[in-house]
Asker: 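Attaching a single structure in structure tokens format; questions to follow.
All residue numbers refer to positions in the sequence shown, counting from 1.
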Amino acid sequence: MQSKVLLLLFCSALSGPIVSARSLMPQVAPREVSLPSAAPSGIPVNDRVLFRYHPASRPSGEKSPAVVLLHPLGGSGDDRRVDKFARALNRRGIAALALTLPYHGRRQPPNDASFRHFTGDPDDAGAAERVAQAFAQSASDVGTVLTWLTQQPEVDATRIGAAGVSLGAFVLHLVMGRDARIRAGVAALGAGNLAEIFLHTRGRKDVKTLRQIETLRSVEPLTYADRNRPRRVLMIQAARDIVVPPRHAEQLWQALGRPPIQWADVNHVGLLLSLDSVIETTIAYLETAWSETPDALSRVPRVRAVTLKAGLMSGLDTVVTPALQYQFFSLGTRHHMALLHANAGLGFRGPFVSVAATVNRYIDVGVGRRVFGNDIRPYASFHIVF
């Protein structure tokens with residue numbers, strides 16, 4: 001459990017270059033807003049809904065669409081990644097509202113940690129209640145900012161969307177199942193089945209665990225998935241994710257009626273490192289969903305993510321050697337991962353190129369050749385993917 005939490009926090013500290021977008025109008029300075037939480041926790045510093053509003057410049061009298069941005073675990077609504085996302089939306093004439101989720105940023109109580117409220121140990125009797133409260137307050141706070149947004153005279157209330165990454169994607173799926181005011185959304189690295197992902201209850205059937213699963217049902221995205229079917233959502237997932245297992249994303253995807261979904265052949269970290277491409281895809285999808293031809297998904301670019309593998313390689317001309325590989329070409333898919341692929345790599349004995357097949361998320365088998373060698377030889381790669 002601790003390794004997953006550390007990976008989530010590491011992911012949330014990553015950022016990427018901003019996506020290029022056509023500038024429509026000069027940008028307006030954002031403003032900070034604070035409102036009372038409608039689902040208070042009893043902790044004063046946490047019970048103020050804090051957000052940064054980035055209004056869009058539009059021709060006089062023309063209303064703009066608006067997007068609520070939901071950050072990853074350990075982030076906040078005023079960090080630089082979210083700010084880049086907001087500015088990219090503004091350049092397309094779209095207002096952005098960057099919410100700080102409960103127990104994050106300036107809402108974090110002293111000597112506390114945000115992950116403690118969203119993850120837990122199944123042997124901790126109070127873990128499920130803490131997680132349920134944190135998600136319930138998060139969903140309520142999104143509802144509060146949606147009400148605020150619809151009251152802004154420059155916002156078109158019929159074109160309100162949302163985008164969430166990692167923890168923010170889980171909250172987005174929950175809110176879209178409960179609040180019809182979000183007409184379109186993009187969820188990157190989200191899924192269903194909170195009990196397994198956040199409380200690690202897989203395979204446990206004792207009475208205490210079943211009680212915890214039941215406690216989370218009120219904030220479980222799967223509970224409300226059928227209500228979200230009339231609206232539009234794009235899912236973006238990592239095929240080799242060890243934080244949010246792909247099977248949970250597939251479970252929610254089925255419950256949502258199989259909406260558009262994109263799979264990147266990377267891990268949780270790799271998709272977060274590709275945030276600029278995620279932003280580009282998100283904006284294109286939302287603009288398509290609000291257009292007169294909302295089903296024209298051919299306009300929406302696929303997320304571009306770099307598949308990097310680090311581990312050990314056996315074969316070529318050595319028994320075992322550390323190796324770093326870049327998967328630069330792929331053909332076909334198996335469990336959303338590349339089935340066949342070409343790689344450029346570097347080991348202790350120099351650079352090499354290879355063609356291989358994916359056995360599973362950790363193993364490839366194929367043939368390769370040292371750049372300065374003469375022979376093509378078989379090899380196996382044992383690795384993790386970023």
Asker: Are Phe170 and Phe118, when compared by the centres of their aromatic rings, separated by less than 6.0 Å?
Answerer: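 Between Phe170 and Phe118, the centre distance exceeds or equals 6.0 Å.
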
Asker: Is the shortest distance from a Lys or Arg side-chain nitrogen in Asp141 or Arg107 to a carboxylate oxygen in the other one below 4.0 Å?
Answerer: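 The answer is yes: the pair qualifies as a salt bridge.
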
Asker: Would you say the rings of Tyr103 and Phe115 are close, in the sense that their centroids are separated by under 6.0 Å?
Answerer: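 For Phe115 and Tyr103, the ring centres are not under 6.0 Å apart.
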
Asker: By ring pair (Phe, Tyr, Trp, His ring centres under 6.0 Å), which residues pair with Tyr285, not counting sequence neighbours?
Answerer: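 Counting only residues at least two positions away or on another chain, Tyr285 forms no ring pair (Phe, Tyr, Trp, His ring centres under 6.0 Å).
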
Asker: Let me check something: any side-chain donor-acceptor pairs from residues 349-361 under 3.5 Å, sequence neighbours excluded? List them with distances.
Answerer:
residue, atom, partner, partner atom, Å
Arg349, NH1, Asp317, O, 2.9
Ser354, OG, Asn343, ND2, 3.2
Ser354, OG, Tyr379, OH, 2.9
Thr358, OG1, Ala338, O, 2.6
Thr358, OG1, His341, NE2, 3.1
Asn360, OD1, Tyr362, N, 2.8
Asn360, OD1, Ile363, N, 3.0
Arg361, NH1, Asp241, O, 3.4

Asker: Quick one: list whatever passes salt bridge (Lys or Arg N to Asp or Glu O under 4.0 Å) with Arg369, sequence neighbours left out.
Answerer: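 Listed in chain order: nothing, the list is empty.
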
Asker: Between Gln262 (side chain) and Pro301 (backbone), is there a donor-acceptor pair under 3.5 Å?
Answerer: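 Yes.
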
Asker: Is the backbone of Ala136 close enough, under 3.5 Å, to the side chain of Ser140 for a donor and an acceptor to pair up by distance?
Answerer: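 No, the answer is negative, given that no donor and acceptor are paired below the 3.5 Å cut-off.
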
Asker: Could you pull out all residues at least two apart from Asp112 that satisfy salt bridge (Lys or Arg N to Asp or Glu O under 4.0 Å)?
Answerer: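 Salt bridge (Lys or Arg N to Asp or Glu O under 4.0 Å) list for Asp112, sorted by chain: Arg116.
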
Asker: Can you pull the salt bridge (Lys or Arg N to Asp or Glu O under 4.0 Å) pairs that have at least one residue in residues 143-164, sequence neighbours excluded?
Answerer: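 Qualifying pairs, neighbours excluded: Asp156-Arg159.
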
Asker: Starting from Ile376 and following side-chain heavy-atom contacts under 4.5 Å between hydrophobic residues (I, L, V, M, F, W, Y), which residues can be reached?
Answerer: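 Result for Ile376 is Val367.
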
Asker: Side chains of Ile242 and His268, heavy atoms from C-beta outward: is any pair under 4.5 Å?
Answerer: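 When only atoms from C-beta onward are counted, His268 and Ile242 do not touch, as no gap falls below 4.5 Å.
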
Asker: How long is the gap from CG on Leu199 to OG1 on Thr119, to the nearest 0.5 Å?
Answerer: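 Reported to 0.5 Å precision, the distance equals 8.0 Å.
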
Asker: I'd like to know if Lys208 and Asp206 make a salt bridge, using a cut-off of under 4.0 Å between side-chain N and carboxylate O.
Answerer: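 The answer is no: the pair does not qualify as a salt bridge.
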
Asker: Should the heavy atoms of other residues, nucleotides or ligands under 6.0 Å from CZ of Arg258 be counted, would the total exceed 12?
Answerer: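 Counting neighbours around CZ of Arg258, 12 or fewer heavy atoms of other residues, nucleotides or ligands fall under 6.0 Å, so no.
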
Asker: Is it the case that Arg178 places NZ or CZ above or below the six-membered ring of Tyr224, under 6.0 angstrom from the centre and within 45 degrees of the axis?
Answerer: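 Ring-cation test returns yes.
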
Asker: Kindly compute the distance separating CG (Leu70) from CZ (Phe85), expressed to the nearest 0.5 Å.
Answerer: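 One finds 10.0 Å between CG of Leu70 and CZ of Phe85.
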
Asker: Linking Ile, Leu, Val, Met, Phe, Trp and Tyr by side-chain heavy atoms under 4.5 Å, what else ends up with Val385?
Answerer: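 Members other than Val385 - counting any ILVMFWY side chain reachable under 4.5 Å - there are none.
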
Asker: In the structure I gave you, are the side-chain heavy atoms of Tyr326 and Leu346 within less than 4.5 Å of one another anywhere?
Answerer: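 No, their side chains stay 4.5 Å or more apart.
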
Asker: State whether the side chain of Gln212 and the backbone N or O of Asp124 hold a donor-acceptor pair below 3.5 Å, judged by distance alone.
Answerer: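 Pair found, side chain donor or acceptor close to backbone of Asp124.
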
Asker: Mind checking what makes salt bridge (Lys or Arg N to Asp or Glu O under 4.0 Å) contact with Arg304, not counting sequence neighbours?
Answerer: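 Here the qualifying residues are Glu280.
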
Asker: Nearest 0.5 Å please: distance from the OG atom of Ser114 over to the NE2 atom of His104.
Answerer: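 Atom-to-atom, Ser114:OG and His104:NE2 are 3.5 Å apart.
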
Asker: To the nearest 0.5 Å, tell me how far Ile160 CD1 sits from Arg181 CZ.
Answerer: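 Reported value, rounded in 0.5 Å steps: 7.5 Å.
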
Asker: Could you work out the complete set of other residues in the hydrophobic cluster of Val371, with links drawn between I, L, V, M, F, W and Y side chains under 4.5 Å apart?
Answerer: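 Besides Val371, the hydrophobic cluster comprises Phe372, listed by chain and residue number.
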
Asker: Is Arg106 salt-bridged to Asp78, cutoff N-O under 4.0 Å?
Answerer: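 Salt bridge between Arg106 and Asp78, a charged N being under 4.0 Å from a carboxylate O: yes.
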
Asker: Taking all non-hydrogen atoms of both residues, which atom of Asn90 and which atom of Ala96 are closest, and how far apart?
Answerer: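 Minimum heavy-atom contact is ND2-N, 4.0 Å.
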
Asker: Leu222, Ile213: one ILVMFWY side-chain cluster at the under-4.5 Å cut-off?
Answerer: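 As far as the 4.5 Å side-chain criterion goes, Ile213 and Leu222 are not connected within one cluster.
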
Asker: Quick check for you: to the nearest 0.5 Å, what is the distance between Leu172 atom CG and Ile182 atom CD1?
Answerer: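 The CD1 atom of Ile182 is 6.0 Å from CG of Leu172, to the nearest 0.5 Å.
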
Asker: How would you list, by chain and number, every residue that makes a salt bridge (Lys or Arg N to Asp or Glu O under 4.0 Å) with Glu129, sequence neighbours excluded?
Answerer: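 Once residues adjacent in sequence are excluded, Glu129 has no partner under the salt bridge (Lys or Arg N to Asp or Glu O under 4.0 Å) criterion.
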
Asker: Check each of Asn46, Val49, Ile43 against Ser37 using the side-chain contact (heavy atoms from CB on, under 4.5 Å) test, and report the only one that passes.
Answerer: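 Testing each of Asn46, Val49, Ile43 against Ser37, the sole residue satisfying side-chain contact (heavy atoms from CB on, under 4.5 Å) is Val49.
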
Asker: A side-chain contact here means heavy atoms from C-beta on lying under 4.5 Å apart; do Phe386 and Asn267 qualify?
Answerer: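 The answer is no; the side chains never approach within 4.5 Å.
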
Asker: Quick one: does Leu234's side chain get under 4.5 Å of Ile236's, heavy atoms only?
Answerer: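 They are in side-chain contact.
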
Asker: Tell me if a side-chain donor or acceptor on Gln137 pairs with a main-chain N or O of Pro40 at a distance below 3.5 Å.
Answerer: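 No; zero donor-acceptor contacts below 3.5 Å.
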
Asker: At what distance, to the nearest 0.5 angstrom, does NE2 of His54 lie from CD1 of Ile94?
Answerer: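 Going from NE2 on His54 over to CD1 on Ile94, the span is 13.5 Å.
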
Asker: With a 4.5 Å heavy-atom cut-off, do Leu189 and Leu272 have their side chains touching?
Answerer: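 Yes, their side chains come closer than 4.5 Å.
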
Asker: Using the ring of each side chain (for Trp, its six-membered ring), is Trp263 parallel, tilted or perpendicular to His336, with breaks at 30° and 60°?
Answerer: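 Plane angle under 30°, so parallel.
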
Asker: Okay, side chain of Thr147, backbone of Gly143: is any donor-acceptor separation there less than 3.5 Å?
Answerer: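 Indeed, once roles are kept as given, a pair shorter than 3.5 Å links the two residues.
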
Asker: Are Leu146 and Asp179 side-chain neighbours, meaning at least one heavy-atom pair lies under 4.5 Å?
Answerer: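 Of all side-chain heavy-atom pairs linking Asp179 with Leu146, at least one is under 4.5 Å.
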
Asker: Any Lys/Arg nitrogen of Glu214 or Arg217 sitting under 4.0 Å from an Asp/Glu carboxylate oxygen of the other?
Answerer: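 Looking at Arg217 together with Glu214, the answer is yes, because their closest N to O distance falls below 4.0 Å.
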
Asker: Determine yes or no for a side-chain-to-main-chain donor-acceptor pair under 3.5 angstrom, with Trp253 supplying the side chain and Pro259 the backbone.
Answerer: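 Present.
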
Asker: Is there a chain of hydrophobic side chains (I, L, V, M, F, W, Y, each step under 4.5 Å between heavy atoms) that links Leu99 to Leu35?
Answerer: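 Looking at the clustering, Leu35 is in the same group as Leu99.
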
Asker: Check whether Ser76 reaches the backbone of Gly105 with its side chain - one donor and one acceptor, N or O, closer than 3.5 Å.
Answerer: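 Between the backbone of Gly105 and the side chain of Ser76 there is no qualifying donor-acceptor contact (under 3.5 Å).
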
Asker: Taking the side chain from Thr223 and the backbone from Val219, do they hold a donor-acceptor pair closer than 3.5 Å?
Answerer: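 No, because the side chain of Thr223 does not come within donor-acceptor range (under 3.5 Å) of the backbone of Val219.
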
Asker: Does the pair Asp123/Arg204 count as a salt bridge with the N-to-O cut at 4.0 Å?
Answerer: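 Salt bridge: yes.
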
Asker: Tell me whether Met337 is reachable from Val365 by hopping between hydrophobic residues (I, L, V, M, F, W, Y) whose side-chain heavy atoms are closer than 4.5 Å.
Answerer: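 Hydrophobic grouping puts Val365 apart from Met337.
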
Asker: Can you hop from Met313 to Phe348 via hydrophobic side chains spaced under 4.5 Å?
Answerer: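 No, Met313 and Phe348 fall in different hydrophobic clusters.
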
Asker: Which atoms form the tightest heavy-atom contact between Ser218 and Thr215, and what is the distance?
Answerer: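 So the two residues come closest at OG-O, 3.8 Å.
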
Asker: Is the closest side-chain donor-acceptor distance between Gln325 and Asp364 under 3.5 Å?
Answerer: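 Per modelled atom types, Gln325 and Asp364 side chains form no pair under 3.5 Å.
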
Asker: In sequence, state the C-alpha distance, the side-chain angles, and the governing distance for Arg370 and Asp375, and then conclude on salt bridge (charged side-chain N to carboxylate O under 4.0 Å, His left out).
Answerer: CA-CA 8 Å; Arg370 299 283 180 191; Asp375 298 328; over 6 Å; no

Asker: Less than 4.5 Å apart, side chain to side chain, heavy atoms only: is that true for Leu97 and Trp148?
Answerer: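 Yes, their side chains come closer than 4.5 Å.
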
Asker: With side-chain hydrogen bond (donor to acceptor under 3.5 Å, both in side chains) as the rule and sequence neighbours excluded, what pairs involving residues 63-73 come up?
Answerer: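 The answer is none; no pair qualifies.
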
Asker: Can any side-chain N or O of Arg232 pair as donor or acceptor with the backbone N or O of Arg183 at less than 3.5 Å?
Answerer: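 A pair under 3.5 Å: no.
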
Asker: Mind checking whether Leu331 and Leu339 have side chains closer than 4.5 Å, heavy atoms only?
Answerer: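 With C-beta onward as the side chain, the pair stays apart.
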
Asker: List, by chain and number, the other hydrophobic cluster members for Leu50, where Ile, Leu, Val, Met, Phe, Trp and Tyr join if side-chain heavy atoms come within less than 4.5 Å, directly or indirectly.
Answerer: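 Grouped by the 4.5 Å side-chain rule, Leu50 forms a cluster of one, so the answer is none.
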
Asker: Honestly curious: do Val45 and Val33 fall in one hydrophobic cluster under the side-chain, below-4.5 Å linking rule?
Answerer: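 Same cluster: Val45 reaches Val33 through Ile, Leu, Val, Met, Phe, Trp or Tyr contacts under 4.5 Å.
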
Asker: So, the side chain of Arg240 versus the backbone of Pro246: is there a donor-acceptor pair under 3.5 Å, distance only?
Answerer: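 Looks like no, no N/O pair under 3.5 Å.
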
